[in-house]
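To start, the structure itself, in C-alpha coordinates.
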Amino acid sequence: MAKSKKEMTRDAILDAAGRNFRHHGFDGVGVDGIARGAGVTSGAFYAHLGSKDGAFLNALEQGLEQTISRIPLFQRDHGADWVSAFADYYLGAAHRGNPECVCAMTSMSPDVVRASDEVRTLYQSKMDRIVDLVADGLDGDDPVVRRQRAWALLTGLIGGLTMARAVQVDGNDDMVAEVVSAVKAAAVAAAGPAKSLP
(Lines give C-alpha, C1' and ligand atoms only; values in the text may rest on other atoms or scores of the structure.)
Protein backbone atom coordinates (compact mmCIF):
# COMPACT_ATOMS: atom_id res chain seq x y z
CA MET A 1 0.00 0.00 0.00
CA ALA A 2 1.32 3.46 -0.93
CA LYS A 3 2.25 5.78 1.92
CA SER A 4 0.18 8.86 2.59
CA LYS A 5 1.65 12.33 2.18
CA LYS A 6 1.76 12.65 5.97
CA GLU A 7 3.75 9.40 6.27
CA MET A 8 6.15 10.45 3.50
CA THR A 9 6.71 13.82 5.19
CA ARG A 10 7.45 12.13 8.51
CA ASP A 11 9.85 9.73 6.77
CA ALA A 12 11.64 12.66 5.11
CA ILE A 13 12.01 14.47 8.44
CA LEU A 14 13.32 11.34 10.16
CA ASP A 15 15.77 10.71 7.33
CA ALA A 16 17.06 14.28 7.55
CA ALA A 17 17.27 14.06 11.34
CA GLY A 18 19.23 10.81 11.17
CA ARG A 19 21.68 12.19 8.60
CA ASN A 20 22.22 15.40 10.55
CA PHE A 21 22.61 13.78 13.97
CA ARG A 22 25.06 11.25 12.57
CA HIS A 23 27.10 13.91 10.80
CA HIS A 24 26.96 16.85 13.23
CA GLY A 25 25.91 15.33 16.57
CA PHE A 26 22.97 16.43 18.67
CA ASP A 27 24.41 19.85 19.49
CA GLY A 28 25.65 20.47 15.95
CA VAL A 29 22.25 20.84 14.32
CA GLY A 30 19.00 22.61 15.10
CA VAL A 31 15.38 22.07 14.22
CA ASP A 32 15.57 24.55 11.35
CA GLY A 33 18.51 22.69 9.80
CA ILE A 34 16.72 19.35 10.04
CA ALA A 35 13.55 20.85 8.57
CA ARG A 36 15.52 22.39 5.70
CA GLY A 37 17.20 19.04 5.03
CA ALA A 38 13.78 17.43 4.79
CA GLY A 39 12.34 20.19 2.61
CA VAL A 40 9.67 21.11 5.16
CA THR A 41 8.90 23.99 7.49
CA SER A 42 9.90 24.02 11.15
CA GLY A 43 6.19 23.92 11.94
CA ALA A 44 5.87 20.63 10.05
CA PHE A 45 8.86 19.29 11.98
CA TYR A 46 7.21 20.08 15.32
CA ALA A 47 3.88 18.66 14.16
CA HIS A 48 5.49 15.32 13.35
CA LEU A 49 8.20 14.88 15.99
CA GLY A 50 7.34 17.39 18.71
CA SER A 51 10.88 18.45 19.60
CA LYS A 52 14.54 18.03 18.77
CA ASP A 53 14.71 15.43 21.56
CA GLY A 54 11.83 13.57 19.92
CA ALA A 55 13.64 13.66 16.60
CA PHE A 56 16.80 12.25 18.18
CA LEU A 57 14.87 9.46 19.88
CA ASN A 58 13.15 8.46 16.64
CA ALA A 59 16.30 8.78 14.53
CA LEU A 60 18.25 6.68 17.01
CA GLU A 61 15.58 3.99 16.97
CA GLN A 62 15.53 3.96 13.18
CA GLY A 63 19.33 3.79 13.00
CA LEU A 64 19.63 0.90 15.45
CA GLU A 65 16.81 -0.95 13.67
CA GLN A 66 18.91 -0.78 10.51
CA THR A 67 21.67 -2.64 12.33
CA ILE A 68 19.14 -5.14 13.71
CA SER A 69 17.94 -5.89 10.18
CA ARG A 70 21.46 -5.97 8.67
CA ILE A 71 23.13 -8.50 10.98
CA PRO A 72 20.90 -11.46 9.98
CA LEU A 73 21.64 -10.68 6.33
CA PHE A 74 25.38 -11.01 6.93
CA GLN A 75 24.76 -14.23 8.86
CA ARG A 76 22.62 -15.63 6.05
CA ASP A 77 24.81 -14.53 3.16
CA HIS A 78 28.25 -15.36 4.62
CA GLY A 79 27.63 -18.39 6.82
CA ALA A 80 30.43 -19.12 9.29
CA ASP A 81 32.48 -16.26 7.74
CA TRP A 82 29.87 -13.64 8.59
CA VAL A 83 31.89 -11.99 11.40
CA SER A 84 34.81 -11.26 9.09
CA ALA A 85 32.46 -10.00 6.36
CA PHE A 86 30.61 -7.77 8.85
CA ALA A 87 33.91 -6.36 10.15
CA ASP A 88 35.05 -5.63 6.58
CA TYR A 89 31.80 -3.78 5.90
CA TYR A 90 31.76 -1.93 9.21
CA LEU A 91 35.35 -0.69 8.96
CA GLY A 92 35.29 -0.28 5.18
CA ALA A 93 35.98 2.94 3.31
CA ALA A 94 32.42 3.28 2.00
CA HIS A 95 30.95 3.07 5.50
CA ARG A 96 33.47 5.18 7.39
CA GLY A 97 33.75 7.78 4.64
CA ASN A 98 30.13 8.94 4.65
CA PRO A 99 29.43 10.83 7.90
CA GLU A 100 25.71 11.01 7.18
CA CYS A 101 25.38 7.24 6.82
CA VAL A 102 27.82 5.86 9.38
CA CYS A 103 26.24 3.39 11.79
CA ALA A 104 24.15 4.86 14.62
CA MET A 105 26.03 2.68 17.12
CA THR A 106 29.18 4.66 16.33
CA SER A 107 27.85 8.09 15.43
CA MET A 108 25.04 8.54 17.97
CA SER A 109 26.31 6.71 21.08
CA PRO A 110 28.28 9.74 22.39
CA ASP A 111 25.06 11.78 22.45
CA VAL A 112 23.15 8.94 24.13
CA VAL A 113 25.53 9.23 27.10
CA ARG A 114 24.18 12.75 27.74
CA ALA A 115 20.56 12.04 26.76
CA SER A 116 17.37 11.52 28.73
CA ASP A 117 16.44 8.33 30.51
CA GLU A 118 13.91 7.66 27.75
CA VAL A 119 16.63 7.75 25.09
CA ARG A 120 19.01 5.65 27.17
CA THR A 121 16.31 3.06 27.88
CA LEU A 122 15.54 2.77 24.15
CA TYR A 123 19.25 2.48 23.38
CA GLN A 124 19.74 -0.22 26.00
CA SER A 125 16.82 -2.23 24.63
CA LYS A 126 18.02 -2.02 21.02
CA MET A 127 21.64 -2.79 21.93
CA ASP A 128 20.46 -5.80 23.93
CA ARG A 129 18.71 -7.05 20.79
CA ILE A 130 21.79 -6.41 18.64
CA VAL A 131 24.03 -8.29 21.07
CA ASP A 132 21.58 -11.22 21.10
CA LEU A 133 21.62 -11.36 17.30
CA VAL A 134 25.42 -11.34 17.21
CA ALA A 135 25.66 -13.93 20.00
CA ASP A 136 23.20 -16.19 18.16
CA GLY A 137 25.64 -16.27 15.25
CA LEU A 138 28.63 -17.29 17.37
CA ASP A 139 29.61 -20.88 18.06
CA GLY A 140 29.65 -22.25 21.60
CA ASP A 141 27.34 -23.77 24.18
CA ASP A 142 27.40 -21.08 26.88
CA PRO A 143 25.02 -18.17 26.04
CA VAL A 144 26.66 -15.92 28.65
CA VAL A 145 30.09 -16.39 27.08
CA ARG A 146 28.66 -15.86 23.59
CA ARG A 147 27.15 -12.54 24.71
CA GLN A 148 30.50 -11.50 26.18
CA ARG A 149 32.15 -12.28 22.86
CA ALA A 150 29.39 -10.37 21.04
CA TRP A 151 30.01 -7.29 23.20
CA ALA A 152 33.74 -7.57 22.56
CA LEU A 153 33.16 -7.69 18.80
CA LEU A 154 30.73 -4.78 18.75
CA THR A 155 32.66 -2.47 21.05
CA GLY A 156 35.86 -3.24 19.18
CA LEU A 157 34.27 -2.32 15.84
CA ILE A 158 32.53 0.78 17.20
CA GLY A 159 35.68 2.10 18.82
CA GLY A 160 37.79 1.09 15.86
CA LEU A 161 35.53 2.88 13.40
CA THR A 162 35.66 6.00 15.55
CA MET A 163 39.47 5.88 15.57
CA ALA A 164 39.71 5.19 11.83
CA ARG A 165 37.44 8.17 11.12
CA ALA A 166 39.40 10.40 13.50
CA VAL A 167 42.77 9.73 11.83
CA GLN A 168 41.35 9.81 8.29
CA VAL A 169 42.83 12.92 6.68
CA ASP A 170 44.34 13.48 3.26
CA GLY A 171 47.67 11.71 2.94
CA ASN A 172 47.15 9.57 6.04
CA ASP A 173 45.93 6.40 4.34
CA ASP A 174 48.67 4.29 5.90
CA MET A 175 47.52 5.05 9.44
CA VAL A 176 43.88 4.40 8.58
CA ALA A 177 44.84 1.06 7.04
CA GLU A 178 46.89 0.22 10.12
CA VAL A 179 43.96 0.99 12.45
CA VAL A 180 41.47 -0.95 10.31
CA SER A 181 43.73 -3.99 10.04
CA ALA A 182 44.50 -4.07 13.77
CA VAL A 183 40.90 -3.52 14.84
CA LYS A 184 39.52 -6.13 12.47
CA ALA A 185 42.01 -8.74 13.67
CA ALA A 186 41.29 -8.00 17.34
CA ALA A 187 37.51 -7.85 16.92
CA VAL A 188 37.29 -11.09 14.93
CA ALA A 189 39.56 -12.82 17.44
CA ALA A 190 37.42 -11.55 20.34
CA ALA A 191 34.27 -12.85 18.67
CA GLY A 192 35.78 -16.32 18.28
CA PRO A 193 34.33 -18.96 15.98
CA ALA A 194 31.06 -18.12 14.26
CA LYS A 195 28.46 -20.50 12.92
CA SER A 196 26.17 -20.80 9.96
CA LEU A 197 22.54 -20.08 10.70
CA PRO A 198 19.67 -21.64 8.77
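Numbers here simply count residues along the sequence, with the first being 1.
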With a 3.5 Å distance limit and no angle check, can you tell me whether [X] reaches the backbone of [Y] through a side-chain donor-acceptor pair?
| X | Y | answer |
| --- | --- | --- |
| His23 | Pro99 | no |
| Arg120 | Val113 | yes |
| Thr155 | Trp151 | yes |
| Arg96 | Leu161 | no |
| Gln75 | Leu133 | yes |
| Asp111 | Phe26 | yes |
| Asn58 | Gly54 | yes |
| Ser109 | Met105 | yes |

Indicate the atoms forming the closest heavy-atom contact of [X] with [Y], along with that distance.
| X | Y | value |
| --- | --- | --- |
| Asp27 | Lys52 | CA-NZ, 4.1 Å |
| Ala38 | Ala12 | CB-O, 3.5 Å |
| Ala87 | Leu157 | CB-CD2, 3.9 Å |
| Leu64 | Ile130 | O-CD1, 4.1 Å |
| Ala85 | Phe74 | O-CE2, 3.6 Å |
| Gly33 | Asn20 | O-ND2, 4.3 Å |

Partners meeting side-chain hydrogen bond (donor to acceptor under 3.5 Å, both in side chains) with Ser42 (sequence neighbours left out): Asp32
Take a 6.0 Å sphere around [atom1] of [X] and say whether it holds more than 12 heavy atoms from other residues, nucleotides or ligands.
| X | atom1 | answer |
| --- | --- | --- |
| Asp117 | CG | no |
| Lys6 | NZ | no |
| Gln66 | CD | yes |
| Met163 | CE | no |
| Glu118 | CD | no |

Does the side chain of [X] reach to within under 4.5 Å of the side chain of [Y], using non-hydrogen atoms?
| X | Y | value |
| --- | --- | --- |
| Trp82 | Leu138 | yes |
| Phe21 | Leu60 | no |
| Phe56 | Val112 | yes |
| Leu153 | Arg149 | no |

Rounded to the nearest 0.5 Å, what's the gap from [atom1] on [X] to [atom2] on [Y]? Could you check?
| X | Y | atom1 | atom2 | answer |
| --- | --- | --- | --- | --- |
| Phe45 | Thr9 | CZ | OG1 | 13.5 Å |
| Arg19 | Ile34 | CZ | CD1 | 10.0 Å |
| Lys126 | Gln62 | NZ | CD | 11.0 Å |
| Tyr90 | His95 | OH | NE2 | 5.5 Å |
| His24 | Glu100 | NE2 | CD | 6.5 Å |
| Leu154 | Ile71 | CG | CD1 | 6.0 Å |

With sequence neighbours excluded, residues passing salt bridge (Lys or Arg N to Asp or Glu O under 4.0 Å) with Asp173: none
Residue pairs involving residues 129-142 (criterion side-chain hydrogen bond (donor to acceptor under 3.5 Å, both in side chains); sequence neighbours excluded): Asp132-Arg147
Joint cluster assignment, Ile158 & Val167, ILVMFWY side-chain distance < 4.5 Å: yes
Cluster link Leu91 to Met175, ILVMFWY, side chain under 4.5 Å: yes
Side chain to side chain contact (heavy atoms under 4.5 Å, CB included) between Val144 and Gln148, intermediate numbers included: CA-CA 6 Å; Val144 173; Gln148 290 172 344; 4.1 Å; yes
